[in-house]
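Below you'll find the structure, written out as structure tokens, and then a few comments.
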2 protein chains.
Amino acid sequence: MGATKTTLFTKEQNDLALMAKAIAHPARIAILQHIVQTNTCICGDLVEELGLAQPTISQHLKELKNVNLIEGIIEGNSVCYCINKETWAAFRKFLNAFFVPVKINKKCC
Amino acid sequence: MGATKTTLFTKEQNDLALMAKAIAHPARIAILQHIVQTNTCICGDLVEELGLAQPTISQHLKELKNVNLIEGIIEGNSVCYCINKETWAAFRKFLNAFFVPVKINKKCC
DNA sequence: ATTTATTATTGTAATTTTGCAATATCTAAT
DNA sequence: ATTAGATATTGCAAAATTACAATAATAAAT
């Protein structure tokens, strides 16, 4: 007990849950917004922007990398992150498909 | 340590993270899909549909109720759940707005 | 009033997540 | 080679999440 029983669900359901989990933290939302806004990528100014410690930011970046939402490129002695447009678009697509407008529904049963 | 530092972020960022967290579990994805598909609501057949114990389902339903994604109406000695269309549409809107297509971006920096 | 059926709550254990200090790694510059 | 600047990794503590057995609560039927 304590671990999600992924075997009970379809790949689609597990994947969607993982997508949601990737952005289920305000720091990761803020990081993504920052990268999107500053068209040109960033690096360590995230540590100053958000008020979190460097290892914490690094960990959140890692999680975003793990789901391929961002990519990091070494630039001198710092690292430059950018959005992976394909994954970004895929997230949009799948989440949008999930929240397809509900039709018939006259207040239950 | 262990608790999200919500005070560092804007209301929008925290709200978006909460929306994502609400669907960041395959069981809750499955529950929502089931309610949407069976236009007429459900009740305890979720326990059979998914392979989770009744208290576990009840707990997931509670979380979905907490963010107003679903509503429950007492029907005899069972409970009938349905989608809250307003919240559903709001989730769609905000997530869609977040994942707005990324423009300029020629592979980093 | 009792029984039956269904859902909610409580309590608990395992796991995961969050956050950071300390440290390691890596690159550029001296 | 050493140093300086920046990011990643490790290890740990606190908190949150997931899952369920046991139990309570609630409503219908007998």
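Each chain gets a letter, A, B and so on, in the order the sequences are listed, and its residues count up from 1.
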Indicate whether OP1 or OP2 belonging to dA8(C) is found under 4.0 Å from a side-chain N or O atom of Lys65(B).
yes
May I ask you to evaluate whether Lys5(B) reaches the phosphate of dC20(C), defined as a side-chain N or O under 4.0 Å from OP1 or OP2?
yes
Length of the line joining Asn77(B):CG and dT30(D):P, which is rounded to integer Å:
12 Å
Once you round it to whole Å, what is the distance between P of dA6(D) and CG of Leu61(A)?
16 Å
For Ser78(A), report the nucleic acid contact type (base, sugar-phosphate, nothing); a contact means any heavy atom under 4.0 Å.
sugar-phosphate
Side chain of Lys62(B) - closest among dT18(D), dG19(C), dT9(C)
dT9(C)
Look at the side-chain N and O atoms of Thr4(B) and state whether any lies under 4.0 Å from the OP1 or OP2 oxygen of dT18(C).
no
Atom CD1 of Ile73(B) and atom P of dT7(C) are separated, to the nearest Å, by 14 Å
Contact under 4.0 Å: Lys21(A) side-chain N or O vs dT17(C) OP1/OP2
yes
Where each residue is assigned the nucleotide of DNA chain C containing its nearest heavy atom, which of Gln59(A) and Ala3(A) is assigned the position nearer the 5′ end?
Ala3(A)
Please work out which of the three classes, parallel, tilted or perpendicular, describes the rings of Trp88(A) and Phe99(B), given edges at 30° and 60°.
perpendicular
Donor-acceptor pair under 3.5 Å, Gln54(A) side chain vs dA8(D) base
yes
Would you call the rings of His60(B) and His25(B) parallel, tilted or perpendicular, where under 30° means parallel and over 60° means perpendicular?
tilted
I want to check one thing: is the phosphate of dA19(D), taken as OP1 and OP2, less than 4.0 Å away from some side-chain N or O of His25(B)?
yes
What is the distance from CD of Glu48(B) to P of dA5(C), rounded to the nearest Å?
14 Å
Checking Asn14(A) side chain against Thr6(A) main chain: does a donor-acceptor pair fall under 3.5 Å?
yes
From CG of Leu46(B) across to C1' of dT6(C) the rounded distance in Å is 13 Å
Taking for each residue the nucleotide of DNA chain D with the nearest heavy atom, is it Asp45(A) or Ala27(B) whose nucleotide lies nearer the 5' end?
Asp45(A)
Have a look at Ile57(B) and say if it touches a base, only the backbone sugar-phosphate, or nothing, with a 4.0 Å heavy-atom cut-off.
nothing
Presence of Tyr81(A) side-chain N/O under 4.0 Å of dA8(D) phosphate oxygens OP1/OP2
yes
Hey, does the side chain of His60(B) come within less than 4.0 Å of dA19(D)'s phosphate (OP1/OP2), counting only N and O?
yes
Got a donor-acceptor contact below 3.5 angstrom from the Gln37(A) side chain to the His34(A) backbone?
no
For the pair made of CG in Asn66(B) and P in dT17(D), what is the distance, rounded to whole Å?
11 Å
Go through the steps to decide whether Tyr81(A) and Lys65(A) satisfy the test side-chain contact (heavy atoms from CB on, under 4.5 Å), and finish with yes or no.
CA-CA 9 Å; Tyr81(A) 284 101; Lys65(A) 262 190 291 183; 3.4 Å; yes
What's the CD1-P distance between Ile74(A) and dT25(C), to the nearest Å?
15 Å
For Gly51(A) and for Gly44(B), find the nucleotide of DNA chain C with the closest heavy atom, then tell me which residue's nucleotide is more 5'.
Gly44(B)
Would you classify Ser58(B) as touching base, sugar-phosphate or nothing, given that sugar-phosphate means primed atoms plus P, OP1 and OP2, and contacts are heavy atoms under 4.0 Å?
base
Calculate the interatomic distance between Glu75(B) atom CD and dT7(C) atom C1'; express it in whole Å.
14 Å
Measure the CG-OG1 distance between Asp45(B) and Thr38(B) for me, rounded to the nearest 0.5 Å.
7.5 Å
